[in-house]
There are 2 protein chains.
Amino acid sequence: MATIYDVSELAGVSLATVSRVMNKNAQVSEKTKQKVLAAMESLGYRPSAIAKGLASKHTSSVGVLISELHGPFYGMMMSEVETELRNHDVHAIIAAGHSDAAKEEDAIEFLLSRRCDALILYVESVTDEYLVKLAKKGTPIVIIGRNIPKLAKNCISLNNELGGYLASKHVLENGHRKIAYISGPLWKDDAQERLAGHKRALAEYNVKFNEKLLFEGSYQEEGGVEGLTHLLAQRANFTALLCANDEMAAGAMTAARDLGLAMPQDLSVVGFDNVAYSRYVYPKLCTINYPIREMANMAAHWVLKYVYKHNAFDIQNIFEPTLVTRDSVSKFKR
Amino acid sequence: MATIYDVSELAGVSLATVSRVMNKNAQVSEKTKQKVLAAMESLGYRPSAIAKGLASKHTSSVGVLISELHGPFYGMMMSEVETELRNHDVHAIIAAGHSDAAKEEDAIEFLLSRRCDALILYVESVTDEYLVKLAKKGTPIVIIGRNIPKLAKNCISLNNELGGYLASKHVLENGHRKIAYISGPLWKDDAQERLAGHKRALAEYNVKFNEKLLFEGSYQEEGGVEGLTHLLAQRANFTALLCANDEMAAGAMTAARDLGLAMPQDLSVVGFDNVAYSRYVYPKLCTINYPIREMANMAAHWVLKYVYKHNAFDIQNIFEPTLVTRDSVSKFKR
DNA sequence: CTGTTAGCGCTTTCAA
DNA sequence: TTGAAAGCGCTAACAG
């Protein structure tokens with residue numbers, strides 16, 4: 001692989017000059033510039049990002065850490081970040097944290113060791129303190145999906161409680177009173193918050209929260225299947241089911257139908273996230289929109305603005321969820 | 001950020017010694033080793049992967065190029081590669097090619113500039129010749145989803161024609177004769193191959209291929225919606241619909257239901273890929289299994305074996321699709 | 001077992 | 001406008 005040295009030799013100029021034509025900024029006479037360009041071309045020269053990083057102390061790369069590389073939610077987030085960053089010639093180095101503290105820290109170590117200029121983190125297991133410490137270490141970080149008081153400026157988060165509330169309120173407004181709830185893993189903050197929102201709505205409508213109508217799911221399709229099966233076994237005759245995310249809603253709906261329930265007539269269902277395929281399940285899923293694209297885009301802009309000094313628009317730290325009404329909810333009858 | 005030099009100073013040993021304890025291999029006395037470790041600990045030392053890469057000529061990282069960062073198919077592939085690689089302490093640098101030749105080449109340039117030890121490529125637009133040339137440049141490459149004769153050893157591909165054939169044969173066996181087909185973008189090889197398989201099955205059953213029953217879709221949900229709408233407008237009374245991937249099948253099914261068609265009674269549908277959510281659409285989608293996980297895993301093993309010299313199992317270059325029967329197909333009646 | 005000494009390929013003053 | 005030279009943080013002979 002040709003080096004800058006080979007180029008300088010072929011072009012008959014110094015290293016420095018070659019470097020200058022690569023980094024557009026400096027003044028180089030048109031003539032020598034052409035010589036250098038020609039030399040690069042004929043050698044098939046490709047600058048080493050790695051050597052450049054060593055010498056210049058920045059890598060034009062930002063580390064992106066998400067829980068999983070698959071799944072509609074993370075996929076959208078990652079995709080948006082990558083696109084926005086790449087539009088500005090910075091590259092994303094992506095790693096998965098698998099919702100596990102050790103793996104998340106590991107991944108962060110990895111990204112740091114690659115000397116990323118900044119980190120965009122969607123982490124679930126690592127503590128707030130860890131992140132606060134990390135933020136002090138020098139590499140700028142922006143955190144998606146969490147709101148840490150001491151790091152408020154670095155957080156891009158959703159009002160999950162409101163989302164839970166909106167979902168719940170919607171079925172309550174439709175007359176339902178026996179409402180089952182499949183939450184996410186309750187050690188996750190967002191799962192707790194969504195559930196809290198649900199409880200607030202219930203309280204507002206004077207309906208008592210029933211432990212038997214709560215199932216702690218996994219945030220995956222299978223969790224929805226298990227949840228529905230379990231809840232039905234409680235024989236509590238619920239007419240509406242709230243799921244803490246769309247995947248579980250899809251699983252629950254499939255399971256419900258397998259057991260002979262018609263939706264939305266026998267059972268109204270609401271999801272959460274508004275992932276792409278939620279409109280392709282049957283019935284079309286009523287859900288809560290999680291503006292993850294906008295949030296991911298904001299995170300990318302945060303980095304562009306504060307790290308790469310592009311003049312981006314103002315940063316919005318907190319986003320609001322909204323209700324997306326579709327076919328899976330009907331009025332309570334009888 | 002502390003450097004190896006700081007560590008060596010604090011520990012009272014030379015650079016080389018510090019380097020030695022980092023790279024387990026060499027012999028270092030237990031005593032000095034502990035001193036070094038302690039120094040690292042107290043300095044919060046984190047070796048620079050970038051400097052290491054420059055000095056050692058390999059980066060313990062492999063570039064992974066896929067068309068999109070979102071979507072169930074790519075997500076699964078990326079996830080599997082990353083997991084397998086990380087299990088062996090090598091990291092994936094992921095980039096998106098967006099099914100566009102220029103962007104794909106760009107992304108490859110990027111990965112090469114980061115001096116990846118190898119490349120795992122899922123590319124759709126770049127030519128075979130380009131890849132053949134690339135393969136000669138030194139960086140080992142493995143190609144997923146294409147079978148290039150000159151690069152047969154580097155390819156991990158699916159027999160798409162067989163997949164199309166199996167899907168088609170299944171509905172033919174169920175008595176259907178008027179079969180509509182929503183293909184992928186026909187400039188993509190896999191779309192062509194799947195369609196070819198369909199035609200072969202038709203021929204085998206002596207049913208003539210009808211252009212009016214073919215719609216060229218986008219491989220996305222929306223393409224399925226458009227396809228179904230268009231096909232219905234042809235008034236050709238088809239009783240079965242083959243979709244070249246599950247996303248389009250999901251879109252088409254939703255559109256069909258919106259137009260009052262019951263499935264599978266009025267219309268049988270078959271997808272392709274067997275993505276995670278295909279079993280959660282209604283009716284559960286009959287599809288062709290694309291063993292993308294196994295293939296992704298194989299690609300990772302290829303790299304582990306040939307680049308990192310781990311002793312992995314034998315490499316399988318060609319994979320076979322299989323039929324997954326579910327509820328979306330029924331026997332043709334009347 | 002440990003230290004010395006060149007680099008790896010590039011950026012970046014400082015002079016010319 | 002251009003060149004010389006000193007690193008960036010690490011690895012890898014080669015000695016000792």
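Note on naming: letters A, B, ... go to the chains in the order of the sequence lines (proteins, then strands), and numbering restarts at 1 for each one.
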Pair of N/O donor and acceptor under 3.5 Å linking dG3(C) base with R20(B) side chain: yes
From [atom1] of [X] over to [atom2] of [N], roughly how many Å is that when rounded to an integer?
{"X": "M22(A)", "N": "dC10(C)", "atom1": "CE", "atom2": "P", "answer": "6 Å"}
{"X": "H58(B)", "N": "dT11(D)", "atom1": "NE2", "atom2": "P", "answer": "10 Å"}
{"X": "I50(A)", "N": "dT11(C)", "atom1": "CD1", "atom2": "P", "answer": "14 Å"}
{"X": "R46(A)", "N": "dC10(C)", "atom1": "CZ", "atom2": "P", "answer": "12 Å"}
{"X": "L43(B)", "N": "dG9(D)", "atom1": "CG", "atom2": "C1'", "answer": "14 Å"}
{"X": "L54(B)", "N": "dA12(D)", "atom1": "CG", "atom2": "P", "answer": "12 Å"}
{"X": "Y5(B)", "N": "dC8(D)", "atom1": "OH", "atom2": "C1'", "answer": "14 Å"}
{"X": "L15(B)", "N": "dC1(C)", "atom1": "CG", "atom2": "P", "answer": "20 Å"}

Under 4.0 Å between a side-chain N or O of [X] and OP1 or OP2 of [N]?
{"X": "T32(A)", "N": "dT2(D)", "result": "yes"}
{"X": "K57(B)", "N": "dG9(C)", "result": "yes"}
{"X": "T17(A)", "N": "dG3(D)", "result": "yes"}

NZ (K305(A)) with more than 12 external heavy atoms under 6.0 Å: yes
Over 12 foreign heavy atoms within 6.0 Å of CZ, R293(B): no
With the side chain of [X] defined as its heavy atoms from C-beta on, choose the nearest nucleotide among [options].
{"X": "S14(B)", "options": "dT4(C), dT2(D), dG9(D)", "answer": "dT4(C)"}
{"X": "Y45(A)", "options": "dC10(C), dG9(D), dT2(D)", "answer": "dC10(C)"}
{"X": "K52(A)", "options": "dT1(D), dC10(C), dG9(D)", "answer": "dC10(C)"}
{"X": "A55(A)", "options": "dT11(D), dT2(D), dT11(C)", "answer": "dT11(C)"}

Sugar-phosphate, base or nothing in reach of S19(A), heavy atoms under 4.0 Å: base
Sugar-phosphate, base or nothing in reach of V13(A), heavy atoms under 4.0 Å: sugar-phosphate
Position toward the 5' end of DNA chain C (nearest nucleotide), K31(B) or A2(A): K31(B)
Residue mapping more 5' on DNA chain C - nearest nucleotide basis, A16(B) or S56(B): A16(B)
R146(B)/D128(B) salt bridge by N-O under 4.0 Å criterion: yes
Aromatic contact, H301(A) with F313(A) (centres under 6.0 Å): yes
Y306(A) versus N154(A), side-chain donor and acceptor atoms under 3.5 Å: no
